[in-house]
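Have a look at the structure below, then the notes.
Indexing begins at 1, ligand by ligand and atom by atom, following the structure's order.
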Amino acid sequence: MEHLIAPSILAADFANLQRDVELVNASEADWFHLDVMDGVFVPNISFGMPVIKAIAHHAKKPLDVHLMIIDPDRYVQDFCDLGADVLTVHYEACNHLHRTLSAIRSLGMKAGVALNPHTSVKVLQDVLHEVDLVCLMSVNPGFGGQSFIEHTYSKVRELRAMTTGVNDALLIEIDGGVGKGNWQKLVEAGADVLVAGSSTFNAPDPQVAIREMKGM
Ligand code: DX5
Ligand code: ZN
């Protein structure tokens, strides 16, 4: 499939949020990536429900919500009600991942699971049928603008080999430090969705940056 670009709103100008949402609406980007951080699972606090509600009001593309919070089961229904299309939880934050993924799917959302850089893709072996998207963190979660961890390429290849013939519809997403220097190599390795925060919103022209990462 053609790869998707998901600009991360974490890198947008929060004082001009509607402007930046409209920028993504008007671009060649495919999804909105929304990073929710609780200050416990990760050492940062980003934004929560009221901000997502405001974004959803203007967004004309699917909402890809990345929960960097402990015990995300508490809020699955809330994020569904807010309009999340993809809801991603962290493997490291779930004691009962299978149950959490089932709950997400039962509400009609795509179920995603994110892995920190230190977590092997092998831990997903027994839930591959229950997952719509795997988000491989290519930085330690918590902040935008960090450097891409090169080991991610081999994780993409290993995960793609695991899913082939098992769950061919599963999307592999890469999150952190993605930009013009590595998008192509990630797609070649088997990535389907590229999150792009700084490389979108810090670019001289975000529309041009998105088009470049789409290979246009
Ligand atoms: C990091 C977040 C990322 C972040 C990516 O914890 O999950 O989505 O916004 O930002 P960039 O693209 O700037 O690395
Ligand atoms: Zn993210």
Side-chain angles (χ1 to χ4, degrees), residues 3-14 17 20-21 23-24 27 29-48 51-52 55 59 61-70 72 75 79 82 84-94 104 109-119 132-153 155-156 171-187 191-204 206 209-210 212-214:
H3 68 281
L4 309 180
I5 299 294
S8 172
I9 292 298
L10 191 63
D13 178 353
F14 291 166
L17 205 41
D20 283 356
V21 169
L23 181 156
V24 175
S27 77
D30 300 278
W31 293 354
F32 286 87
H33 185 83
L34 305 178
D35 291 300
V36 178
M37 304 178 184
D38 67 356
V40 179
F41 181 70
V42 288
N44 194 13
I45 299 175
S46 56
F47 50 77
V51 174
I52 293 183
I55 292 169
K61 297 181 180 186
L63 304 183
D64 172 33
V65 178
H66 177 193
L67 299 183
M68 285 159 275
I69 66 175
I70 58 164
Y75 301 113
F79 286 104
L82 285 166
D85 295 280
V86 184
L87 191 62
T88 297
V89 297
H90 264 263
Y91 168 82
E92 301 85 0
C94 294
I104 295 171
M109 296 178 283
K110 282 193 193 326
V113 56
L115 299 182
N116 280 337
H118 72 273
T119 304
D132 299 297
L133 174 146
V134 174
C135 175
L136 297 177
M137 293 307 303
S138 39
V139 299
N140 286 291
F143 302 92
Q146 302 181 81
S147 301
F148 178 82
I149 296 171
E150 297 286 322
H151 178 62
T152 308
Y153 296 116
K155 290 178 79 169
V156 181
L171 299 172
I172 300 179
E173 177 175 70
I174 311 299
D175 189 4
V178 175
K180 61 180 173 186
N182 54 16
W183 73 266
Q184 201 154 9
K185 203 171 157 191
L186 285 164
V187 170
D192 302 298
V193 186
L194 304 178
V195 175
S198 313
S199 58
T200 297
F201 290 103
N202 294 350
I210 291 166
E212 277 176 11
M213 289 184 278
K214 283 291 283 184

Review point. What's the verdict on side chain to side chain contact (heavy atoms under 4.5 Å, CB included) for Phe41 and Met68, showing C-alpha distance, side-chain angles and the deciding distance?
Key: CA-CA 6 Å; Phe41 181 70; Met68 285 159 275; 4.0 Å; yes

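- In this structure, Phe201 places its CZ atom where more than 12 heavy-atom neighbours from other residues, nucleotides or ligands lie under 6.0 Å away.
- The Zn ion (ligand 2) lies closest to atom ND1 when only the N/O/S atoms of His66 are considered.
- Note: angle at the Zn ion (ligand 2), from OD1 of Asp35 to OD2 of Asp175, is 170° (rounded to 10 degrees).
- Among the backbone and side-chain atoms of His33, an N/O/S atom is found under 2.8 Å from the Zn ion (ligand 2).
- Between Trp183 and His3, the angle of the ring planes stays under 30°, which puts this pair in the parallel group of the 30/60° scheme.
- The neighbour count for Lys110 NZ, taken as heavy atoms of other residues, nucleotides or ligands under 6.0 Å away, does not exceed 12.
- Contact check for Val86 versus Val65: no side-chain heavy atoms found under the 4.5 Å cut-off.
- The local environment of OH in Tyr153 is crowded, with over 12 non-hydrogen atoms from other residues, nucleotides or ligands closer than 6.0 Å.
- Ion pairing between a basic and an acidic side chain is recognised when a charged N comes within 4.0 Å of a carboxylate O; Asp30 and Lys214 show such pairing.
- Protein residues having a heavy atom under 4.0 Å from any atom of ligand 1 are Ser8, Leu10, His33, Asp35, Met37, His66, Met68, Met137, Pro141, Gly142, Phe143, Gly144, Gly145, Asp175, Gly176, Gly177, Val195, Ala196, Gly197, Ser198, listed by chain and number.
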